[in-house]
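Before any comments, here is the structure.
Quick note: numbers below take in every heavy atom, side chains included, and nothing from hydrogens, waters or symmetry partners. Each chain gets a letter, A, B and so on, in the order its sequence line appears, and its residues count up from 1. What you are looking at is a predicted structure, and each value in this text was computed from that prediction instead of being measured.
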There are 2 protein chains.
Amino acid sequence: MLSHSDLDSLSGDIADRLRNRGLRRTRALDLLIEEMALRDKPATIADLSQSPRLSENCDPATVYRLLMKLETHGVVRRLGLHDRSTYFILILPNRHHDYLVCTQCGRISEVDMACPVHTLERKLEKASGFHHIYHELEFFGICPDCHTGREQSGHTHCC
Amino acid sequence: MLSHSDLDSLSGDIADRLRNRGLRRTRALDLLIEEMALRDKPATIADLSQSPRLSENCDPATVYRLLMKLETHGVVRRLGLHDRSTYFILILPNRHHDYLVCTQCGRISEVDMACPVHTLERKLEKASGFHHIYHELEFFGICPDCHTGREQSGHTHCC
DNA sequence: ATACATGCAAACATTTTGCTTTGGC
DNA sequence: GCCAAAGCAAAATGTTTGCATGTAT
């Protein structure tokens, strides 16, 4: 869990990073970072801008534009979870996760494993000539609830 | 490369599989399978329905509805490549690929490697209670063309 | 004071659905 | 003949942009 002061310093860090690149620290930016940090889960533009914190204070278009900038500057990561809309998640140190998505109901859980793909990225950069490679890995399947009426878990341990 | 007779038997196989589930073999279905098999690359609904083969013979809505069915029945796989639209690819035996996508220009190349994730799927099924798990893995980065003006390749060997 | 950022509203692209007609079985 | 599939066209959804105004620096 994230304490209030952690949050402040996180917002500060991100704002600093962005300021160096000519962006300004605005109320909407701080609120968006706060919202994403507290969720710490993939969220759509709608999810975010409809949250109490943001709905009162800024327009969806602003959220959209902020997310685009944050993505460009490597602060958030975009995910395609086979929903009609795009998901975003804040990039936090030591917090990369892969996801397991139910193709039936759309439920998203985190997969808690040492991701076996990281090590390939450097290799792939050399082989392909691409720069700044990162990956996105999702597992899709039918969740217990959709398959029968059994167990339930939001966080799956594996390995 | 796919020969004409390979294609026929592929369409036949798929049509059989579908017929057993109560679906009918139609002209549009055959043409769509043909188009996807010959491309053997991720394609959007627009890509497919604007192809000469399909544009003359069927409506985009039909392509859409077919793709939904084919996905349900495990014949095609859906990919979210961070484009605004959804990509689809035909599932062929021994043909799983992961992709490397340029975040700048959207160019899609295949990553030719022994995918290190396959083996985790069974383990994850046990741990999570999900059924029929499969995965989607993409790498994103800046391609050589977008980064400077160097090399170019549509297929990257690695490992 | 000067941009960059925002709000609001309109434009866009793509997906999704309704309804009638066609065609596979 | 019956029911799934196709065609056409309209609606829904989510993204993106234009422009006037507000605000961080």
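- One interatomic measurement links the two molecules: CD of E71(B) to C1' of dT16(C), which rounds to 14 Å at whole-angstrom precision.
- A donor-acceptor pair under 3.5 Å is absent between the side-chain atoms of E35(A) and the main chain of S51(A), judged by distance alone.
- Between F88(A) and M68(A), the closest side-chain pair of non-hydrogen atoms falls below 4.5 Å.
- Annotation: H82(B) is in aromatic contact with F140(B) [ring centroid separation under 6.0 Å].
- A donor and an acceptor atom, one from each side chain of H96(A) and D98(A), are located under 3.5 Å apart.
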Pairs under 3.5 angstrom only: tabulate donor-acceptor contacts from the side chains of residues 9-17 of chain B to other protein residues two or more places apart or in another chain.
| from | atom 1 | to | atom 2 | distance (Å) |
| --- | --- | --- | --- | --- |
| S9(B) | OG | D6(B) | O | 3.1 |
| S11(B) | OG | L7(B) | O | 3.2 |
| D16(B) | OD1 | R19(B) | NH2 | 2.6 |

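- Counting non-hydrogen atoms under 4.0 angstrom, T44(B) reaches nothing in the nucleic acid.
- One interatomic measurement links the two molecules: CG of L67(B) to C1' of dT15(C), which rounds to 12 Å at whole-angstrom precision.
- For DNA chain D, the span of nucleotides reached by chain A at under 4.0 Å from its heavy atoms goes, 5' to 3', from dA12(D) to dT25(D).
- The pair R53(A)-E34(A) counts as a salt bridge, with a side-chain nitrogen and a carboxylate oxygen less than 4.0 angstrom apart.
- Put simply, the side chain of T86(A) does not reach to within 4.5 Å of the side chain of I45(A), judged on heavy atoms.
- Across the protein-nucleic acid pair, L18(B) atom CG and dC25(C) atom C1' stand 15 Å apart, rounded to whole Å.
- Side-chain contact between R77(A) and E71(A) is absent, with no heavy atoms from C-beta onward closer than 4.5 Å.
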Reading 5' to 3' through nucleotides 6-13 of chain C, protein heavy-atom contacts under 4.0 Å coded B for base, S for sugar-phosphate only, - for none: SBB---BB

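- Side-chain atoms of R24(B) and base atoms of dC25(C) include no donor and acceptor less than 3.5 Å apart.
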